[in-house]
Structures are given as structure tokens and as C-alpha cells.
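In what follows, every chain begins at residue 1, and chains take the letters A, B, ... in the order their sequences are listed.
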Amino acid sequence: PRQKEHGDWATNLALVLAPKAGQPPRHVAEAIAGAFPDVAAVDGLDVAGPGFINIRLKSVWLHDVLRAILRDGPAYGLRRGARGDRVQVEFVSANPTGPLHVGTARNAALGDAVASILEADGYDVEREYYWNDAGTQMEAFAASVEARYLEHFGREAEIPEGGYQGGYVREIAEAIAADLGDALADAPAGERRAAIAKQAYDRTLEGIRATLARFGIRFDSFLSARLFYETGAIDDAVARLREAGYVYEEDGATWFRSTAFGDDKDRVLIRRTGLPTYFAEDCAYVVHKAARGYARMIYVWGADHHGDVKRVLGAAEALGIDPARVEILLYQFVNLSSGGAQSRMSKRAGDVVTLDELIDEVGTDAARYTLLARSSDSTIDFDIEAVTRQTMDNPVFYVQYAHARIASLLRVAGERGVELPGWEDVELDVLTDEAELDLLRTLSELPEIRELAAATLAPHRLAHYIEDVAAVFHRFYTECRVITEDAERTHARLWLSAAAKQVIGTSLRILGVSAPESMERLEGDDDTDAVVGGDGRP
RNA sequence: GCCCUCGUAGCUCAGUGGAUAGAGCAACGGUUUCCUAAACCGUGUGUCGGAGGUUCGAUUCCUCCCGGGGGCACCA
């Protein structure tokens with residue numbers, strides 16, 4: 001027999017007796033006793049099908065689970081202390097050439113949730129944003145803003161080939177014009193470009209930081225790519241690769257032999273022009289990360305970067321860094337449409353749906369939850385209008401409502417003067433209804449879910465799990481009246497509810513979604529103006 | 001052409017070497033003297049894209065094919 005994958009808190013064990021399926025129940029029971037000598041107490045046992053047996057463990061196990069949740073609170077299910085390793089999660093890292101858009105929203109939500117899950121798993125996590133502010137894209141951006149600035153003052157100017165056409169470029173230019181006037185319009189070209197580049201850069205950074213704050217994301221560090229140029233780190237990295245024997249010169253450029261690591265072709269490190277490529281920055285960056293001593297270095301990349309994986313892992317190995325320390329989490333794109341019309345997500349092309357606009361439409365909670373509720377391997381394909389229209393159908397509200405409902409329940413108990421003994425002293429044997437046991441069983445799955453989510457860097461596991469918890473709680477709430485004349489039962493059910501609140505609340509916070517203490521009732525049938533209480537977000 | 005990823009209910013998506021493959025939305029019906037009805041209960045549909053293979057057992061692993069998305073720069 002094999003035990004289905006379950007942790008110590010397992011309450012339903014499914015046994016598979018494959019080779020000899022037709023054994024009589026008595027024989028099966030003996031087999032179980034032999035296989036699980038530690039499991040002395042078995043509430044029920046039935047033969048579910050050929051070779052399959054369900055065992056229900058004594059509810060006393062479930063009571064231990066409840067007590068563990070109440071004792072450990074948010075930490076329940078964590079491997080505290082077992083893993084003190086430092087982990088860096090590098091995410092967002094969008095070029096400061098415009099506002100964050102919906103594609104980077106997925107990166108932001110995913111990276112932050114993964115970081116939180118690992119924190120919850122006992123790691124020492126640092127969140128980093130890499131500003132790629134040294135490349136040709138920045139120059140093109142500056143040139144574009146400059147052109148709009150000149151246009152504003154009636155000068156002849158055109159956005160260069162490959163420049164940025166988005167409306168926000170004009171907004172930035174207008175803002176610069178409003179603050180500085182036309183002083184730069186007649187300045188020498190080089191001076192003007194430098195001044196405008198700095199202005200445009202600073203304003204974009206400020207905007208991105210503001211958007212991230214609105215989205216509930218805080219980074220521990222922002223690292224500028226300029227650092228690598230100023231310290232010679234890129235040259236050092238190339239030199240180390242050369243020493244290792246993976247560098248050669250061809251066609252006037254300097255190449256990394258990434259084919260030695262399974263890449264399709266070798267990659268240029270230093271261009272014919274003498275300028276390093278972005279990949280060379282990557283090499284310097286991975287050295288920088290490794291030198292800071294992270295046990296795990298996690299990159300969060302969009303699917304368009306999947307082709308870069310082998311070269312970066314190869315470079316790490318060539319640089320003497322164990323590639324097992326480097327993990328690259330890829331996520332598929334978010335395809336946006338609005339009323340059926342596709343929206344493009346290229347900053348250069350313009351026509352962008354920004355993260356700020358998304359937050360305006362659906363709010364941070366719904367946006368983050370929606371972006372996290374699906375596997376990162378799966379393309380998210382939604383119509384903005386539909387998401388807005390279905391806001392009240394979003395599972396995030398279902399889960400938040402369960403949390404608010406429990407909070408309300410506990411408040412009412414307090415108002416009615418219910419005197420609650422400590423959870424250690426509560427008589428839990430009164431929890432015997434199927435709805436109560438269901439809730440206990442579901443709550444007991446938390447450690448397993450967290451472990452799985454952490455091991456696979458998959459926040460959506462947690463999202464689906466708390467939908468289950470919410471559903472089971474709602475059923476329990478409907479079927480079992482909590483506050484009654486029966487003091488013993490009231491106490492047990494209140495503590496059970498408190499545990500459910502703990503599990504939901506902690507999980508929501510890991511996902512970066514607020515866990516409201518109250519949600520206002522909906523007025524009438526209008527589904528467009530609902531108000532979420534607690535954090536007061538519309 | 002090569003590489004990555006997805007294809008599961010009308011729609012949006014979970015699941016994954018084991019049991020009768022699940023949830024939300026959408027449809028229809030029911031539930032509130034009572035702790036928040038944003039809730040609960042009931043009614044159902046699946047060639048798990050297709051074909052082979054491995055296995056006692058495949059939706060899950062392998063191969064091929066078809067279809068969607070993304071890559072294959074001296075861009076980032």
C-alpha cells in the first residue's frame with residue numbers, strides 16, 4: 001500500500017492496494033494496521049472501489065490542528081527556523097521608460113507573492129528592482145521626450161526611429177515644459193538632451209514608485225545598472241568568463257560561448273561599437289547577486305525572455321556560480337482586450353493600458369487576486385470591460401466576504417458578552433457536525449498547500465485553497481448557528497471560526513490582498529458601486 | 001525550421017501516475033422572525049485537442065501530429 005501525498009495532518013487517507021485488489025475488508029484492515037502502526041485511531045473505513053480504501057482519522061487529530069492554528073497564528077504551517085537561507089526575488093525591473101502596464105502588473109503581483117510565500121516558508125527574503133537605466137532604450141526615450149518638448153514650444157522635432165510614441169511621453173514633456181519653461185528649447189543640443197534625460201528619468205521613476213506603492217508592493221532595494229558601468233563590473237565579468245575559456249572575438253565583437261551550455265547560438269557580450277550588451281549586464285548582475293550570498297536567486301521573467309534562460313544559467317556556471325542557485329520563474333502574458341478590441345502592450349507603440357488604469361477600474365485587491373489566481377504557465381486573457389462588469393463575481397470578494405463575516409461574528413459575540421475561555425480549555429469534542437469536520441479538514445490542509453506553493457513558486461495554489469476554505473466556512477456558517485444558548489458549543493464554534501479567519505487572513509496577506517474586517521452590504525441590485533470596507537478601497 | 005508554453009464543462013480556469021476529473025461564471029428552482037443573503041441548497045454537460053507508447057492503472061509521463069500564445073538581435 002502507498003499513502004496518498006498527505007502530511008501529518010492527514011484526515012482522509014486514500015490507500016491503494018494495487019496488486020491484489022479483491023482482498024476482503026478484514027484483510028485490508030490488517031494491511032492498514034501494518035502499514036500505519038502509528039495510526040491507532042480510525043474513525044471509519046470503507047472500500048471505495050477496487051483497491052481503494054478511505055480511512056477517516058479520529059476527530060481528535062483535527063482538534064490538534066485547530067489548536068495549532070490558534071497557537072501559532074499566522075505562522076501555522078511554516079517551517080520556521082528550518083530554513084534561514086537568504087533568498088533574493090528580483091522582479092518588475094521594468095525599464096524606466098514609461099508607466100507600468102498590465103503586463104508588468106502580473107510580474108509585480110507574482111514576484112511579490114512568491115517572495116511572501118518564501119518568507120512564510122521561513123526564508124530570509126529580499127525584493128529587488130533592477131533599474132536598467134543605462135542602455136539604448138533610455139536614450140531613445142530621452143530623445144522622444146525631447147522631441148515632444150520641442151514640439152510644445154513650436155520647434156521642428158520628430159520622434160526618432162524606434163522612439164516612444166505613447167501619449168505619456170507628451171505628458172512628461174508637458175510637465176517638464178510647465179516646470180522649466182522654454183529655457184531648454186534654445187540650449188545647446190547636448191546640454192538639452194542631458195537635462196531632459198534626467199528630468200524624464202526622474203519623473204518616470206517617481207511615477208513607477210507611486211504605482212507600486214498603490215499596488216501594495218515595497219522593494220528592499222533598487223539597483224541601478226549604472227553601478228556596473230561605474231565600477232567596471234561588466235569588464236570584470238567578461239574577464240572572468242574569458243579566464244574560464246568561454247570568450248572569443250569575432251567580427252569585431254566579443255562573444256560568450258553559450259552553446260557550451262545548451263544555447264542555440266553564442267551570444268555577444270561586447271558589441272563592435274565597444275558597448276556591452278544587456279546580456280553582459282546580466283553577467284555582471286549575477287556575479288553581484290552571488291557575491292551578496294543569496295542561497296537562491298529568483299528571477300521573475302515574462303515569457304518573451306524564455307530564450308535568455310540558457311545563456312544566463314550558462315553564464316552563471318561559467319562564472320563559477322552554482323546554477324542551482326539561480327531560478328528563473330517564467331510567466332505567460334496577459335492579453336488585454338477592451339470590448340473585443342485587442343490592446344497592444346508595447347510601450348514603444350503607444351496604446352498601453354497602464355497598471356494605474358487597471359487599479360482605477362478594478363482596484364488593487366481584485367487586480368492582484370485575478371493575476372495570481374491562475375498558474376503562471378497559463379496565459380491570462382481578459383476583456384477589461386468584462387472584468388469591470390464582473391467585479392462582484394470575482395472570487396476575491398467571496399473570500400474577503402468570508403473573512404469579514406467571521407470578523408463580524410466575533411464582534412457580535414463580544415457585544416453579546418460571550419465569555420470565551422482560552423482555546424486550550426475549550427471542549428472541542430462537541431465539533432461533530434459534518435460541516436464542522438469539513439472545515440477542520442480543510443483548515444488542516446494549509447501546511448501542505450503552503451509547502452506546495454513554496455516548492456513550486458505557485459501562488460495560485462494558495463488562491464484556490466482559500467476559495468475552498470471560504471466555501472466550506474460559508475456552508476458551516478449556514479448550517480451551524482455559532483452563538484447559541486449552549487455555551488460549550490458556542491465556544492468551540494467561535495474558536496473554529498477564529499481559526500478559519502486566521503487561515504484566510506494570513507493567506508490573503510501573502511497574496512497581497514487585504515483581509516477586510518468588514519464589508520458593507522450591497523444596496524439593491526446595482527452591481528457597479530460596491531464598497532469594500534476595511535481598507536476602504538472602492 | 002528550432003525552442004518554451006498552453007489546449008480539461010457553454011465561458012474563465014484548477015487539478016494530475018490512481019477512486020465516479022473539479023470550482024467559479026452563465027441557466028433554472030428553492031432558502032432569510034435568527035450571528036453580514038456579496039451567502040447557502042438543489043438540477044448537468046466532458047472523445048481531459050488527436051494518435052501511438054510505457055504502466056496493474058495515463059487527463060497526468062514519453063513520442064509524433066493538429067491548434068493558440070511567446071521566443072529564436074551586436075533590443076532590452
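With Phe91(A) as the fixed residue, the ring pair (Phe, Tyr, Trp, His ring centres under 6.0 Å) test singles out one of Tyr299(A), Tyr129(A), Phe219(A): Phe219(A).
Using Watson-Crick or G-U wobble geometry with both donor-acceptor distances under 3.5 Å, rG67(B) finds its partner in rC6(B). Base pairing annotation: rC34(B) forms no Watson-Crick or G-U wobble pair, as no partner gives both donor-acceptor distances under 3.5 Å. When both pairing distances are held under 3.5 Å, rC61(B) makes a Watson-Crick or G-U pair with rG53(B). Nucleotide rA19(B) is matched to nothing when pairs are restricted to Watson-Crick or G-U wobble geometry with both distances under 3.5 angstrom. Nucleotide rA73(B): unpaired (no Watson-Crick or G-U wobble partner with both distances less than 3.5 Å). Of all nucleotides present, only rG24(B) satisfies the Watson-Crick or G-U wobble test against rC11(B), with each distance under 3.5 Å.
Between Tyr398(A) and the phosphate of rC40(B), there is a side-chain N or O to OP1/OP2 separation shorter than 4.0 Å. Residue Arg374(A) places none of its side-chain N or O atoms closer than 4.0 Å to OP1 or OP2 of rC6(B). Remark: Ser378(A) is in phosphate contact with rA14(B), judged by side-chain N or O atoms under 4.0 Å from OP1 or OP2. The phosphate of rC2(B) has neither OP1 nor OP2 within less than 4.0 Å of any side-chain N or O from Lys265(A). Arg493(A) has no side-chain polar atom (N or O) that falls below the 4.0 Å cut-off from OP1 or OP2 of rC35(B).
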Could you go through Glu317(A) and Tyr246(A), starting from their C-alpha distance and side-chain angles, then the distance that decides it, and tell me whether this counts as side-chain hydrogen bond (donor to acceptor under 3.5 Å, both in side chains)?
CA-CA 11 Å; Glu317(A) 190 173 346; Tyr246(A) 293 106; over 6 Å; no

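The base of rC3(B) sits with one of its N or O atoms less than 3.5 Å from a complementary donor or acceptor on the side chain of His306(A). Counting atom types as modelled, Arg475(A) pairs no side-chain N or O with a base atom of rC40(B) as donor and acceptor under 3.5 Å.
Under the 4.0 Å criterion applied to side-chain N and carboxylate O atoms, Glu90(A) and Lys289(A) are assigned as salt-bridge partners.
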